[in-house]
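A quick write-up on the structure given underneath.
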Amino acid sequence: QQQQQQQQQQQQQELRQLQQLRSISLELDPPTAMLPPQPHAEKILRPLARVWFSASLGEIHPLGDPAVIRTGVAKDDCAILRLVWASGCGLVRLNGSSVFLEVLSLDRHCNFKLDPRRSHHSAGPVVWEPLSGKAAPEVWHAKLADACAAARASLAAQNIIPALPGQQLLPETPPSRLSLAFCTTVKNRLWQLKQVLPLNLANNWRHRQWVRFHIVDFGSTDGAVDFILEHCREAVEVGLLTLHTADLEGFHASIAKNTAHLVASEDIVVNLDCDNLADAEFAPCVRQRFEEQGLRGMHFASGQGTCGRICCLRRDFLDLGGYDEDLHPFGCQDVDLVQRLRRTFGTQLVQKAHDVQVHAVPNTKSDTIRLVTGLGLSWGQMDNANRAVLAARMDAGLLVRNCGRQMGVPALQVLPPPAERSEGKADV
C-alpha cells in the first residue's frame, strides 16, 4: 500500500510538471507577434498543421482548430506552429528555408531539423533529424492518425464519442509487476475493426511498455490484414501490436479465442472482441485491481456487445483449458469461462465490474454467426444447446475443458513489409 501511494504521488508530481511545462511553452505570444505569417511560410508549414502519429510521442495534434500559424517571436523565425501530445508539446519553427522542431516533455528537451528529401506531408513519413547525436530521429506518419480520425467520425455518427488521447494531459505509465494482453479474433469484420482498432491503439499508446494487442485473423477476404499492416504499422514497430494469421474452416468462437490467447505471453489476458473499445483507463484499472486486490478474474458486461470482455491470469486460463471447443460455434462460451473461474477461485477474486463502463460497436446476432457453416442453427438455438451441455458438466464438477488435446489452431505471425525510403520526391 505504501508503494502504491508513492507511485500515485510520483504520477501526480509528473502531471503537475507536465501542466506547468505546457503552460509555459504554449502561452500566447505578445501582441506584436500576432501577425499572420508570410505566404511562403504558410505554404511550408500548413502541410504540417495536421494530426500525426509518432512511435515515440504517440498521437500529435496541432494547437487550435484550425491550427494557428503565427509570426515567430525569435528574431530569425519566419513563423511557428504549436503542437501537443499526451506527454508533452512542441514548436515547429521556420527559419529561412529550414524547418526546425523543438520537443518538450518530462523526460527530454530535443531539437530536430526537417529532412526535406525524405519527408512527405500527404501521408508521411515526415522525418526529423536530431541536431544532437544523442537523440534518435523523429518519424511522423499520417495513416494511423487518419484512421483514428475516420474512426471517431464513424462512432460520433452512432452517438459513441471516444476520448481524444492526443489532448489528454497524461504521462506514460511505467511497467510494474503484471503485464497485460488484449486478445482479439477477426474474420471479415473490417467494417468493425476500422472503427475500434486505431482508437484502441491510440488510447493505449502511453501504456505500450506493458500492454500489447494480439490480433489473429482467420482468413479474412475483406482486406482486414492489409488494413492493419498499412494503417497500424507504427504500433507493430513499437511492440504495441502483433498480427497473426490462422486457418479455421468457417468460424468457431472458442477455437478462435483460444488461438488468440495462446499467442500472448503477458501475465493478464483480456478477451477483446473486434467490435470493442478499450479506452485509456481500462488497462490501468485492470492491472491495479489484480495487483492490489489479488484478483484472478474480472468480467465486464456493462454495455451492449461487451459480454465477452473477460480478464484473467494467463496461467489460470491455461490451467482451466481456455474456452470449451466442444461447444457449438457460438453461445455461452464466455459465461462458461467466467463460471469456472468463479467456481475455482470464488466470487471475491473473480469480480463482475459493474462500476466500469465499456463500449462496443453495435451489431446483430446475424452478423455474429454469418460465418458459421453447415449447422443451420440460429444463435439462440446454439446458445440453448451449449447451456444444457455446460450445466451438466458444472453439475458433475468438471471445470477443465479441452482435456488431452491441443487448444486452438497454429498461428503465424505477420510483419509489415520494410518501409520504403524515397529520396528527392518530398512534398514538404
Side-chain angles (χ1 to χ4, degrees), residues 17-142 145-146 166-167 169 171 234 422-428:
Q17 293 174 344
L18 177 57
Q19 291 171 331
Q20 183 180 14
L21 176 66
R22 271 198 192 179
S23 64
I24 294 174
S25 61
L26 300 179
E27 63 185 359
L28 292 176
D29 292 334
T32 55
M34 295 292 287
L35 298 175
Q38 296 297 319
H40 79 282
E42 174 77 16
K43 180 179 179 181
I44 293 175
L45 291 189
R46 181 56 59 185
L48 297 173
R50 54 157 298 158
V51 180
W52 298 97
F53 222 95
S54 159
S56 61
L57 304 178
E59 196 173 3
I60 303 168
H61 289 255
L63 186 66
D65 186 18
V68 178
I69 299 175
R70 293 176 177 159
T71 300
V73 294
K75 180 176 65 175
D76 296 329
D77 289 339
C78 297
I80 57 174
L81 168 68
R82 289 169 168 78
L83 304 167
V84 293
W85 50 87
S87 60
C89 53
L91 297 173
V92 175
R93 303 178 184 272
L94 176 63
N95 187 329
S97 60
S98 299
V99 183
F100 298 91
L101 169 67
E102 183 178 6
V103 170
L104 299 166
S105 62
L106 290 174
D107 57 350
R108 62 174 174 161
H109 181 184
C110 305
N111 291 280
F112 302 83
K113 182 178 180 181
L114 181 73
D115 185 344
R117 297 175 303 165
R118 299 165 57 198
S119 299
H120 305 255
H121 78 270
S122 56
V126 173
V127 181
W128 303 92
E129 292 293 342
L131 297 182
S132 169
K134 298 180 180 179
E138 265 292 320
V139 183
W140 296 356
H141 298 272
D146 290 343
Q167 296 179 353
L169 290 171
E234 299 99 302
S422 302
E423 302 288 342
K425 298 181 180 180
D427 51 12
V428 170

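- The closest side-chain heavy-atom distance from Pro137 to Pro130 is below 4.5 Å.
- Between Pro62 and Val51 the shortest heavy-atom distance is CD-N, 4.0 Å.
- To the nearest 0.5 Å, the span separating CD1 on Ile60 from SG on Cys89 amounts to 11.5 Å.
- Note: Cys110 SG to Leu101 CG = 9.5 Å, rounded to the nearest 0.5 Å.
- Counting heavy atoms from C-beta on, the side chains of Ser98 and Lys113 come closer than 4.5 Å.
- In this structure, Glu138 CD and Glu129 CD are separated by 11.0 Å, a value rounded to the nearest 0.5 Å.
- Although no hydrogens or angles enter the test, the distance criterion places no donor-acceptor pair under 3.5 Å between the side chain of Ser54 and the main chain of Trp140.
- Looking at Val127 and Arg117, their side chains never come closer than 4.5 Å, going by heavy atoms from C-beta outward.
- Within the 4.5 Å cutoff, the side chain of Leu83 has no heavy atoms near those of the His61 side chain.
- Using a 4.5 Å heavy-atom threshold, the side chains of Leu114 and Val126 count as touching.
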In sequence, state the C-alpha distance, the side-chain angles, and the governing distance for Val103 and Phe112, and then conclude on side chain to side chain contact (heavy atoms under 4.5 Å, CB included).
-> CA-CA 8 Å; Val103 170; Phe112 302 83; 3.7 Å; yes
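- Closest non-hydrogen pair, Trp52 versus Pro47, comes out as CZ2-O, 3.8 Å.
- Atoms NZ and CG, on Lys43 and Leu94 in that order, are 12.5 Å from each other to the nearest 0.5 Å.
- When the options Ile80, Leu81, Val99, Asn111 are evaluated for a side chain to side chain contact (heavy atoms under 4.5 Å, CB included) with Arg93, the one that passes is Ile80.
- Side chains of Phe100 and Val92 form no contact here, defined as non-hydrogen atoms less than 4.5 Å apart.
- Here Glu234 contributes atom CD and Ser56 contributes atom OG; the two are 11.5 Å apart, rounded to the nearest 0.5 Å.
- Val139 and Pro125 get closest at one heavy-atom pair: CG1-CB, 3.6 Å.
- Note that CD of Glu59 is 5.5 Å distant from CZ of Phe53, once rounded to the nearest 0.5 Å.
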